[in-house]
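This report refers to the structure that appears directly beneath it.
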Amino acid sequence: MKNILDTVPCHVLGAAIHFNTLNSYFNCDIQTTSYLTAMQIVLENYCQFLKTKNGVGHVFVESREAQDTEVRMHFHHIKAMGSLFVSPHAMQKLLRDISFPPKTENNVGLQVADFIPNPFARNTLGIKQNKHNLYQNLRGLRYDGSIGKFDRFGIKVMP
């Protein structure tokens, strides 16, 4: 896996939420769903990436049949409403669709993506990395917004 990450040109975008901090800022009764919050920042940064590359994007989420409808609704909500920094018009122009390939399809992109969240989650929570981990390789692949802002565009930790 390290060889693949070192040779294939790619960027990592993601979001992490410190729930203890979030709960100390906002009562649980008034919070929006954390999945919507995380998806909003990821799509916002993805749009920024697509704009700098003069591209359009598709979103692939591994199917979890029970959650697919809710995730699809969040995706379309964000496209329709925009985000804090990206307009709905830009979202609709830059983001094409969302797909939910099942795990049984063995989608190569999703198989590679499976290795990404855990090292960043461990780092965010201050948990020691596993003996064999990809954190240093992945850390270098964080998207920087073309302005050196890895913590803003690569892996955004909230709040």
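Heavy-atom basis, side chains included; hydrogens, waters and symmetry copies ignored.
Listed here is the closest heavy atom pair of Met1 and Leu134: CG-CD1, 3.5 Å. For Asn23 against Cys28, the heavy-atom pair with the smallest separation is OD1-SG, 3.5 Å. The nearest pair of heavy atoms linking Arg72 to Ile98 is NH1-O, 3.7 Å. When all heavy atoms of Lys93 and Val56 are compared, the closest pair comes out as O-CG1, 3.7 Å. The two residues Phe49 and Thr52 have their closest heavy-atom pair at O-OG1, 2.8 Å. Across all their heavy atoms, Ala15 and Met158 have their closest contact at CB-CE, 3.8 Å.
Considering CD of Gln40 and NZ of Lys156, their distance stands at 12.5 Å, rounded to 0.5 Å. To the nearest 0.5 Å, atoms CD (Gln48) and NZ (Lys53) are separated by 9.5 Å. One finds the CE atom of Met91 at 10.0 Å from the NE2 atom of His77 (value rounded to the nearest 0.5 Å). Taking CZ of Arg64 as the reference point, atom CD of Glu70 lies at 12.5 Å (rounded to 0.5 Å). How far OG of Ser63 is from CG of Leu110: 10.0 Å, rounded to the nearest 0.5 Å. Taking CZ of Phe85 as the reference point, atom SG of Cys47 lies at 14.0 Å (rounded to 0.5 Å).
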Determine, step by step, whether Lys51 and Val86 satisfy the side-chain contact (heavy atoms from CB on, under 4.5 Å) criterion, reporting the C-alpha distance in whole Å, the side-chain angles of both residues, the deciding distance to 0.1 Å, and the verdict.
CA-CA 11 Å; Lys51 183 66 177 168; Val86 177; over 6 Å; no

Show the numbers, then the answer: is there a side-chain contact (heavy atoms from CB on, under 4.5 Å) between Asn130 and Asn118?
CA-CA 10 Å; Asn130 292 324; Asn118 189 273; 4.0 Å; yes

Let's go through Tyr135 and Phe120 carefully: what are the C-alpha distance in whole Å and the side-chain angles of both, what is the deciding distance for ring pair (Phe, Tyr, Trp, His ring centres under 6.0 Å) to 0.1 Å, and is it a yes or a no?
CA-CA 7 Å; Tyr135 180 70; Phe120 286 108; 5.6 Å; yes

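In terms of modelled atom types and a separation under 3.5 Å, the side chain of Lys79 and the main chain of Leu95 share a donor-acceptor contact. A donor-acceptor distance shorter than 3.5 angstrom exists from the side chain of Asn45 to the backbone of Arg152, with no hydrogens or angles considered. Between the side chain of Arg122 and the backbone N or O of Lys128, at least one donor-acceptor pair lies under 3.5 Å.
Around CG of Asn20, the count of heavy atoms belonging to other residues, nucleotides or ligands within 6.0 Å does not exceed 12.
Under the 4.5 Å side-chain contact rule for hydrophobic residues, Tyr25 and Leu84 do not share a cluster. Cluster membership for Met73 and Ile41, using ILVMFWY side-chain heavy atoms within less than 4.5 angstrom, is not shared. Under the 4.5 Å side-chain heavy-atom criterion for ILVMFWY residues, no single connected hydrophobic cluster contains both Leu36 and Ile30. Note on Leu13 and Leu141: separate hydrophobic clusters, where clusters join Ile, Leu, Val, Met, Phe, Trp and Tyr whose side-chain heavy atoms are under 4.5 Å apart, directly or indirectly. The hydrophobic clustering, which links ILVMFWY residues whose side-chain heavy atoms are closer than 4.5 Å, places Leu43 and Ile116 apart.
Using a 4.5 Å cut-off on side-chain heavy atoms (C-beta onward), Val61 and Phe75 make no contact. The shortest side-chain heavy-atom distance between Asp151 and Arg142 falls under the 4.5 Å cut-off. Considering only heavy atoms from C-beta on, Thr124 stays 4.5 Å or farther from Ile17 through its side chain. Counting heavy atoms from C-beta on, the side chains of Phe115 and Leu138 never come closer than 4.5 Å. Contact check for Ile155 versus Val12: side-chain heavy atoms found under the 4.5 Å cut-off. Using a 4.5 Å heavy-atom cutoff, the side chains of Glu62 and Asp114 are in contact.
Between Phe150 and Tyr143, the distance from one ring center to the other does not fall under 6.0 angstrom.
Note on ring orientation: taking the six-membered ring where Trp is involved, the planes of His58 and Phe60 are tilted (angle from 30° to 60°).
With 3.5 Å as the limit, one finds no donor-acceptor pair spanning the side chains of Gln129 and Asn123.
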